[in-house]
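Atom set for the values below is all heavy atoms of this structure, side chains included, hydrogens, waters and symmetry mates excluded.
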Amino acid sequence: MELNDANLQTLTEFLRKTLDPDPTVRRPAEKFLESVEGNQNYPLLLLTLLEKSQDTVIRVCAAVTFKNYIKRNWRIVEDEPNKISDPDRTAVKANIVNLMLSSPEQIQKQLSDAISIIGREDFPQKWPDLLTEMVARFRSGDFHIINGVLRTAHSLFKRYRHEFKSNELWSEIKLVLDTFALPLTELFKATIELCQTHATDVNALKVLFSSLTLIAKLFYSLNFQDLPEFFEDNMETWMTNFHGLLTLDNKLLQTDDEEEAGLLELLKSQICDNAALYAQKYDEEFQPYLPRFVTAIWNLLVSTGQEVKYDLLVSNAIQFLASVCERPHYKHLFEDQNTLTSICEKVIVPNMEFRSADEEAFEDNSEEYIRRDLEGSDIDTRRRAACDLVRGLCKFFEGPVTAIFSGYVNSMLSEYAKNPRENWKHKDAAIYLVTSLASKAQTQKHGITQANELVNLTEFFVNHILPDLKSPNVNEFPVLKADAIKYVMIFRSQLPKEQLLQAVPLLITHLQAESTVEHTYAAHALERLFTMRGPNNATLITAAEMAPFTEQLLNNLFKALAFPGSAENEYIMKAIMRSFSLLQESIVPYIPTLIGQLTHKLLQVSKNPSKPHFNHYLFESLCLSVRITCKANPTTVSSFEEALFPVFTEILQNDVQEFLPYVFQVMSLLLEIHSNSIPASYMALFPHLLQPVLWERTGNIPPLVRLLQAYLEKGGETIARSAADKIPGLLGVFQKLIASKANDHQGFYLLNSIIEHMPPESLTQYRKQIFILLFQRLQSSKTTKFIKSFLVFVNLYCVKYGAIALQEIFDSIQPKMFGMVLEKIVIPEVQKICAVGITKVLTECPAMMDTEYTKLWTPLLQALIGLFELPEDDSIPDDEHFIDIEDTPGYQTAFSQLAFAGKKEHDPIGDAVGNPKILLAQSLHKLSTACPGRVPSMLSTSLNAEALQFLQGYLQAATVQLV
C-alpha cells in the first residue's frame, strides 16, 4: 500500500464504518482492515492518520486500531511468517516516541501502550536508544511531554512487578537503572520544588501531582525485584519527600466529587504501597523511617472519611498496616491492648460497615459488586483490606483480637434483633466479621479449610443464617440473603452434610430472587456444593439425594437466565453445567426441553460473543446433554444434530471466530458417537474443513485435528471412495502442521489416523512423499517431541503395512536409510506402541537377518527389553525445546478445551495384542523355527546377561522355546 492520499482516504472511510452500530456495516469494514493489515506501509498509514487527520474521532480510532494491530502482530513467532515488514518496524520505532509526546492525551495513552508492547519484545536489544531518547525529554520542562514519558516508562517497567527472576531480567533492570534512576530522582526533587513554587496555582498543581503519582509508580516497579544500590543510597531523599507528601493537605486539590479519587488520594495511595513494599522486603534498611510512616498512615486512616473516593487510599493504608503487623520485627508496635482496641475500633470495624455506596453497587452495578465480593478481584475494597488486617493481627495476637471482636459481633447482632427492618446493616457487618475472622485458610476448591474459634460455625448457621434462608419472601433484605448464601458457600467444608442438604432446596428457591447478586450467589453456592467430594471421592451430594428437587433446580436455573442483567450470567451457566454433571441420567427426561433452551441461547450469544466464561460453560452443558443422553441411547445423536446443526451452520457461515473451536469439538463428540459410518450432512462439510484460512488460527488447530480424526475413524473408506480428490488437501494440512514446532504433534495425530483408517491403496502414491517430508523436518529441526511422535508413526506404519514395507520405503528414499533410522532414532528412543512395531522389525523383516542391518538386530532387541523393564524416565532432557504457546492476545483465537467433550484415549493396536512381552517371545519362536540355530547364537554372543534373563522369563511365560 502506497503512502498516498487515496489510501488515506480509503482507510478513513473504513475506520469510520468500524464505529457503525449496525453489524452489517461494521463487520465487513473490520474484515477489510484485517485483510489489508499484512500490507507494507499499513502501520505508517495509520500513524499518518492519527497525526494529520482533521477529524478527532478518526484520529482516536486510528490510534486504537494501531495499538491493537501492534498487539496482534509485533511479536515474531517461530515457524510463523513475520507479519510486519522490517522497514515498517524500523519506521514505527523511529517515529512513535515523538508522535506520542506531541499528541493529545487520549491518543498519547494509546501510543504509550503501543510503545510498551513493542518494548516488551524489542527493548533493550533491538531498541537500544529508546530510554536515552525518553530521558532526554525530561529536560524539556514541558510537563505534557514529561508525563508522556513517565506514562510510557510506567507501562514499560510495570512488568518488573510480576516477572520471575532471571539473569536476563536483572541485566535489563540494571540497564534501566543506570540510565533512568538518577534523572528520575532529579525530576522528583524538581517537581516537589515546583509544587511549592506553584502552591496556589491549581492548574499547575494538577499537572505536577499527576507527574508525582507516575514517579511514585515507577519507584515501585524499579524497587520491586530487589533493592537497587542507587535507591538505597538515596533513600533519605525519597522517603523524606514521600513522608512529606503523605502529610500534605492542599485545599486546592480537594475535590467535591464523592466517587472519583482525586490526585492527592491517588498519590498518597501509591506512597502507602511503596512504604508497604519497603516494610515487607527491605525491613532492615527501612527501619529508621518506619515509625514516622506508621504514625502518618495511622493519622491518615483515622481522619479520612467514608466516601468512595477514599477507598483506594484507605485500603492501601490498611494493607500497609497489615504488612507491618505480621512481621516479627514490628510486633512491639502493636502489643499494647489499647493499641489493638483502637485499631479494631477506629480502623477495622468502620471499614467493614456496609455503606450506602455499597448498597447502590449491590443494586445497580451487581456485576462489579460480585467481582469484588466473590472473586477478590484486584480492585481493593475497604472490607477486603480490613479482613487482611484482621488476619495479619491474628498471627501474633489471635487471643486478644478474637476477644475484642466477639464483643462486637454480639452487640451488632443484638442491635439487629431490636429492630431488624432498620438495623439490618448491623447483622451484615456481624456476618462479615465472622467470615473474615473465622477463615484462616481458604481455597477456591474447598472454601474455608481452617477456622478460628470466634463463634461456633454450626450454631451460628442454625441461629442466624438458616432463618434468613428460610424466610418465605426471597426478595426481602436481599443483602442479608446474599450474606447467608455466601456463608454456606464459604463454610461448606466445615458444616455437617445434613445442614448442607437442608440448605440445597432453600438455595434452589433463592434462584428466583429478583436481586442479581442474590440469585447469582445462589447459583454459585449450588455449583460449589455439587463439586464437593465425599469420603470415597464420589460427590458428597448424590444424584439420588437431589431427586426430589431435580425438576425445580433445572427450572429455576433456566428461569434465572431470563432476569434482566442475567441473560449471560456465567455463574448460572456454570451451575447448569455442574447440575447436568451431577445428575447424569436423571436429566434425560428433561433434555428435549433443555436442548431447545440451550440452542436458543447459543444463537443469541453468537451474534455478539462477549462473555468468554459464559460461552464456555454453555458449550460444556451442550456436550454434557449429548454425552449423557447418547450414553443411555446412542440413536438419539441424530436428534441432537437436528437441533444443533442449524445454529452451527450459522456460526460457521458468519465466521464467529470465538465459537469455531467449540463447534468443532461438539461436532467431533457427535460424530464419534455414530456407529461406523459417516452421515451425508458431515460429508458435505468435509471440504470446508480443509480450507487453509481455518488453519491459520492457532485456536482452531487442536479441535479441527480431532474432528478430522473422527471423520477418518468413522469414514476412512467413504472418504477414499467418494472424496479421493480431498486426500491431497488432507495431506496438505499434515504438511503445514508438521512444519511448525508448536503444532507438529497435531500433524502426527492426523497422519496416524490417516495411516490407521484409510484403505492402504488410497495412499500408495503419497507414502514416499510423507516420509520425505518427515525426514526434511528431522534434518531442519529435530526436537524431542518430534522424535517421539515420529517413532510412534514409524511403528504404527510397521504394524499396519508390515516390516518389509517399512524397510523398503526407507531404503527407496536413500540406500541404507533403514539402518540409520534404527541406529540413530529407534534404538535410543523406544516406547510402548513401538514394542509391537519393533517386534515385527526383529522377526518379520528378512533384511534384519542377512544384510548389513544384522549388526543392529541385538541392540534393537536389547532396547526393546529395556523398554519393558526399565522404570519410565520422567525427567525432562536438558535440551528440550519447550514450545510456549502464549495466550494469543484477546480471547478470539485461544483454544479452550471442553472438559465434557473429552476424547477417549485411543490405542491403535487395541486388544489385538494383550501382552507385548508374550508377543515378542512368540514372534522370536516363530523366527527361530524359520531359521534354526541363528537366533540363539545371536543372543548368546551379544545380548547382555540381564536382558537374556528377562527374555528367558518371557519365553517361559509364553511356553515357547528357541530352536
Side-chain angles (χ1 to χ4, degrees), residues 359 361-367 369-370 373-374 420-421 424 427-428 431 461 464-490 492 499-531 541 543 545-583 586-587 589-591 593-598 600-601 604 611 614 617-618 621:
E359 200 172 347
F362 184 95
E363 287 165 10
D364 305 329
N365 191 359
S366 45
E367 210 169 305
Y369 181 91
I370 292 165
D373 191 43
L374 264 195
R421 191 156 287 286
W424 61 268
K427 181 170 183 180
D428 169 80
I431 297 176
F461 173 77
H464 301 289
I465 299 296
L466 213 49
D468 282 339
L469 289 177
K470 281 184 166 166
S471 107
N473 181 353
V474 291
N475 293 319
E476 190 181 32
F477 301 128
V479 176
L480 289 183
K481 299 275 199 315
D483 288 340
I485 296 168
K486 190 177 167 196
Y487 183 94
V488 174
M489 184 173 67
I490 285 185
R492 60 186 182 273
Q499 291 191 342
L500 297 179
L501 283 173
Q502 206 179 349
V504 166
L506 303 171
L507 292 171
I508 293 173
T509 312
H510 282 279
L511 290 168
Q512 294 175 295
E514 286 162 16
S515 150
T516 306
V517 176
E518 195 182 330
H519 62 243
T520 301
Y521 280 22
H524 188 47
L526 285 165
E527 190 271 328
R528 295 284 82 195
L529 293 181
F530 291 166
T531 50
I541 296 173
E545 287 163 332
M546 286 303 297
F549 321 119
T550 298
E551 187 159 344
Q552 195 196 356
L553 169 69
L554 296 171
N555 267 334
N556 288 4
L557 280 168
F558 278 91
K559 274 188 198 153
L561 287 174
F563 280 117
S566 277
E568 294 183 37
N569 184 322
E570 63 188 65
Y571 292 99
I572 299 175
M573 202 67 236
K574 193 175 187 185
I576 290 174
M577 170 190 85
R578 199 68 69 194
S579 306
F580 283 10
S581 173
L582 173 75
L583 296 167
S586 334
I587 66 168
Y590 307 100
I591 285 291
T593 340
L594 298 179
I595 199 76
Q597 291 175 287
L598 289 170
H600 178 66
K601 184 55 83 181
Q604 285 174 316
K611 295 276 178 69
F614 177 85
Y617 300 133
L618 172 57
S621 305

*CD of E551: more than 12 outside heavy atoms within 6.0 angstrom?*
no
*Counting heavy atoms not belonging to E514, are there more than 12 under 6.0 Å from its CD?*
no
Looking at side-chain heavy atoms only, is the closest gap between [X] and [Y] below 4.5 Å?
{"X": "L511", "Y": "V474", "value": "no"}
{"X": "D373", "Y": "F362", "value": "no"}
{"X": "K470", "Y": "Q502", "value": "yes"}
{"X": "R528", "Y": "K574", "value": "yes"}
{"X": "Y521", "Y": "M489", "value": "no"}
{"X": "L466", "Y": "L506", "value": "yes"}

*Exercise: identify the closest heavy-atom pair between F530 and S579*: CE1-OG, 3.5 Å
*Between A525 and I485, what is the shortest heavy-atom contact and its length?*
CB-CG2, 3.7 Å
_Checking L500 against V504 for the side chain to side chain contact (heavy atoms under 4.5 Å, CB included) test, could you report, in this order, the C-alpha distance in whole Å, the side-chain angles of both residues, the deciding distance, and whether it holds?_
CA-CA 6 Å; L500 297 179; V504 166; 5.6 Å; no
*Residues D483, K486; criterion side chain to side chain contact (heavy atoms under 4.5 Å, CB included); working and verdict*: CA-CA 5 Å; D483 288 340; K486 190 177 167 196; 5.6 Å; no
Would you compute the distance between atom [atom1] of [X] and atom [atom2] of [Y] and round it to the nearest 0.5 angstrom?
{"X": "I541", "Y": "F549", "atom1": "CD1", "atom2": "CZ", "answer": "9.5 Å"}
{"X": "K481", "Y": "I465", "atom1": "NZ", "atom2": "CD1", "answer": "12.0 Å"}
{"X": "L582", "Y": "M577", "atom1": "CG", "atom2": "CE", "answer": "11.5 Å"}
{"X": "L480", "Y": "W424", "atom1": "CG", "atom2": "CH2", "answer": "6.5 Å"}
{"X": "L507", "Y": "L529", "atom1": "CG", "atom2": "CG", "answer": "6.5 Å"}
{"X": "H464", "Y": "Y487", "atom1": "NE2", "atom2": "OH", "answer": "9.0 Å"}

*asked:* Testing M573, R578, K601 one by one against S621 for a side-chain contact (heavy atoms from CB on, under 4.5 Å), which residue passes?
replied: M573
*Can you check whether P467's main-chain N or O pairs, donor with acceptor, with S471's side chain at less than 3.5 Å?*
no
*Hey, does the side chain of S586 reach the backbone of L583 with a donor-acceptor pair shorter than 3.5 angstrom?*
yes
*What do the steps show when you test I431 against K427 for side chain to side chain contact (heavy atoms under 4.5 Å, CB included), and what is the final call?*
CA-CA 6 Å; I431 297 176; K427 181 170 183 180; 4.1 Å; yes
Could you pull out every donor-acceptor pair under 3.5 Å between side chains of residues 552-570 and any protein atom, sequence neighbours left out?
{"residue": "N556", "atom": "ND2", "partner": "I508", "partner atom": "O", "Å": "2.9"}
{"residue": "S566", "atom": "OG", "partner": "H519", "partner atom": "NE2", "Å": "2.7"}
{"residue": "S566", "atom": "OG", "partner": "N569", "partner atom": "ND2", "Å": "3.2"}
{"residue": "N569", "atom": "OD1", "partner": "Y571", "partner atom": "N", "Å": "3.0"}
{"residue": "N569", "atom": "OD1", "partner": "I572", "partner atom": "N", "Å": "3.3"}
{"residue": "N569", "atom": "ND2", "partner": "T520", "partner atom": "OG1", "Å": "2.8"}

*Take V517 and V479, measure what side chain to side chain contact (heavy atoms under 4.5 Å, CB included) needs, and give me the verdict at the end.*
CA-CA 8 Å; V517 176; V479 176; over 6 Å; no
